[in-house]
Amino acid sequence: MPLPALVLDWYRAHARDLPWRRPGTTPWGVLVSEFMLQQTPVARVEPIWVEWMTRWPTPSAFAAASRADVLRAWGKLGYPRRALRLHEAAATIAASHGDTVPSDVDALEALPGIGSYTARAVLAFGYGRRAPVVDTNVRRVVARAVHGAGDAGPARTRADLADVDALLPADDATAATLSAGLMELGALVCTARAPRCGTCPVRAECAWQAAGRPAYDGPRRPVQGFTGTDRQVRGRLLDVLRGTAEPVPRAALDAAWPDAPQRDRCLHSLLVDGLAEQHDDGRYALPR
DNA sequence: TAACCGTGGGA
DNA sequence: TTCCCAAGGTT
């Protein structure tokens with residue numbers, strides 16, 4: 001049996017019951033899930049997504065919320081600029097797309113925070129359309145099963161899209177399910193560290209397996225540090241602002257990080273990014 | 001294009 | 001404990 005059919009059968013039997021995969025999830029719900037899942041693990045996204053959809057079931061409902069409420073609801077999912085981009089995207093969808101999430105790649109990619117992956121994920125999972133969805137999981141699965149490499153090298157955007165496109169059947173619904181299946185296989189079986197080849201549904205058709213599972217020899221992507229970086233400092237500062245209903249004096253932020261020049265630089269960048277705001281009395285708060 | 005943007009869990 | 005890394009996007 002060819003690889004796509006193997007993945008489809010496996011996915012239909014083993015797909016996780018994630019809330020955004022349940023019947024009745026709107027394209028808006030899918031869009032929200034995709035924003036939250038950009039670099040954040042499923043387990044942390046689940047509860048926030050459920051709250052989010054109850055509170056803001058449509059783009060216009062969400063667009064009407066204050067940025068402070070948005071950032072508090074986002075909580076500690078990380079990369080809070082995603083929350084602001086989603087907020088901006090929702091405002092555009094409400095104002096210019098009739099409160100309906102666009103269903104073509106170009107309109108989606110024109111929205112803030114939506115790139116090649118997210119646009120196609122919305123098409124596939126929100127609208128059941130045939131679209132090559134290429135994320136880190138899919139790139140790894142294709143690198144191994146199709147190309148026989150130990151892992152995916154640096155992204156080759158066009159080639160990656162073509163690789164996945166070549167696997168998708170013509171039928172929209174089946175192609176969309178396969179896209180979900182390829183991602184699921186990468187997340188649960190064909191994992192980055194210790195792939196579970198013993199239980200892999202694709203094993204018989206896997207080029208990496210056939211080649212004797214050679215070690216990955218390409219360039220390793222550099223691991224980002226975190227401790228002591230501006231990202232950590234910004235996170236500390238934002239955590240203070242998230243935790244208070246009232247604006248706080250400068251001293252409250254000064255207590256969050258000892259290095260004054262770095263702290264000042266980070267506070268400034270939060271203001272520039274629209275993640276924080278200084279009131280007339282000099283105190284700081286989440287943006288209104 | 002390489003660097004930057006948060007956070008926390010598992011090995 | 002330290003290190004890796006998790007459904008990316010932007011500049």
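Chain naming here is simple, since letters A, B, ... match the order of the sequence lines and numbering starts at 1 in each.
DNA chain C is contacted by A/P112, A/G113, A/I114, A/G115, A/S116, A/Y117, A/T118 of residues 107-121 of chain A, taking any non-hydrogen atom closer than 4.0 Å. Within residues 170-180 of chain A, no residue has a heavy atom under 4.0 Å from DNA chain B. Contact check of residues 125-162 of chain A against DNA chain C (heavy atom, cut-off under 4.0 Å) returns A/D135, A/T136, A/N137, A/R140.
The nearest whole Å value for the distance from the CH2 atom in A/W49 to the C1' atom in C/dA7 is 14 Å. Rounded to whole angstrom, the span from the CD atom of A/E88 across to the C1' atom of C/dT10 amounts to 12 Å. Counting to the nearest Å, the P atom of B/dC4 and the CZ atom of A/R85 are 16 Å from each other. Whole-Å rounding puts the A/M183 CE to C/dA6 P distance at 12 Å.
Sequence neighbours left out, the pairs with a member in residues 18-39 of chain A that pass ring-ring contact (aromatic ring centres under 6.0 Å, His included) are A/W20-A/W49, A/W28-A/F62.
Taking the six-membered ring where tryptophan is involved, the planes of A/W52 and A/W56 are perpendicular, since the angle between them exceeds 60° and thus also 30°.
A/R81 places no side-chain N or O within 3.5 Å of a backbone atom of A/D273 that could act as its donor or acceptor partner. With A/Q209 contributing its side chain and A/V202 its backbone, the two residues share no donor-acceptor pair below 3.5 Å. A donor-acceptor contact shorter than 3.5 Å is absent between the side chain of A/R213 and the backbone of A/C197. The backbone N or O of A/P219 lies less than 3.5 Å from a partner atom in the side chain of A/Y216, making a donor-acceptor pair. Checking side-chain atoms of A/R236 against main-chain N and O of A/W257 turns up no donor-acceptor pair under 3.5 Å. With hydrogens and angles disregarded, a donor-acceptor distance shorter than 3.5 Å links the side chain of A/R231 to the backbone of A/G225.
Spacing between C/dA7 and B/dA3 at atom P, rounded to whole Å, works out to 23 Å. To the nearest whole angstrom, the two P atoms, one in C/dC3 and one in B/dG6, are 22 Å apart.
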Return all side-chain donor-acceptor pairs below 3.5 angstrom for residues 104-113 of chain A, not counting sequence neighbours, or 'none' if the list is empty.
{"from": "A/D104", "atom 1": "OD2", "to": "A/D106", "atom 2": "N", "distance (Å)": "3.4"}
{"from": "A/D104", "atom 1": "OD2", "to": "A/A107", "atom 2": "N", "distance (Å)": "3.0"}
{"from": "A/E109", "atom 1": "OE2", "to": "A/R120", "atom 2": "NH1", "distance (Å)": "3.1"}

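When the options A/V240, A/T244, A/L238 are evaluated for a side chain to side chain contact (heavy atoms under 4.5 Å, CB included) with A/R242, the one that passes is A/L238.
Residue A/W20 is in base contact, counting any heavy-atom pair closer than 4.0 Å across all strands shown. Across all strands shown, A/L18 has heavy atoms under 4.0 Å from base atoms, whether or not it also approaches the sugar-phosphate.
Annotation: side chain of A/M183 is in contact with side chain of A/V133 (closest heavy-atom distance under 4.5 Å). Between A/C266 and A/R263 the shortest side-chain heavy-atom distance does not fall below 4.5 Å. Between A/N137 and A/L185 there is no side-chain heavy-atom pair separated by less than 4.5 Å.
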Nucleic acid footprint by protein, nucleotides 6-11 of chain B - heavy-atom cut-off 4.0 Å, B for base, S for sugar-phosphate alone: BBS-BS
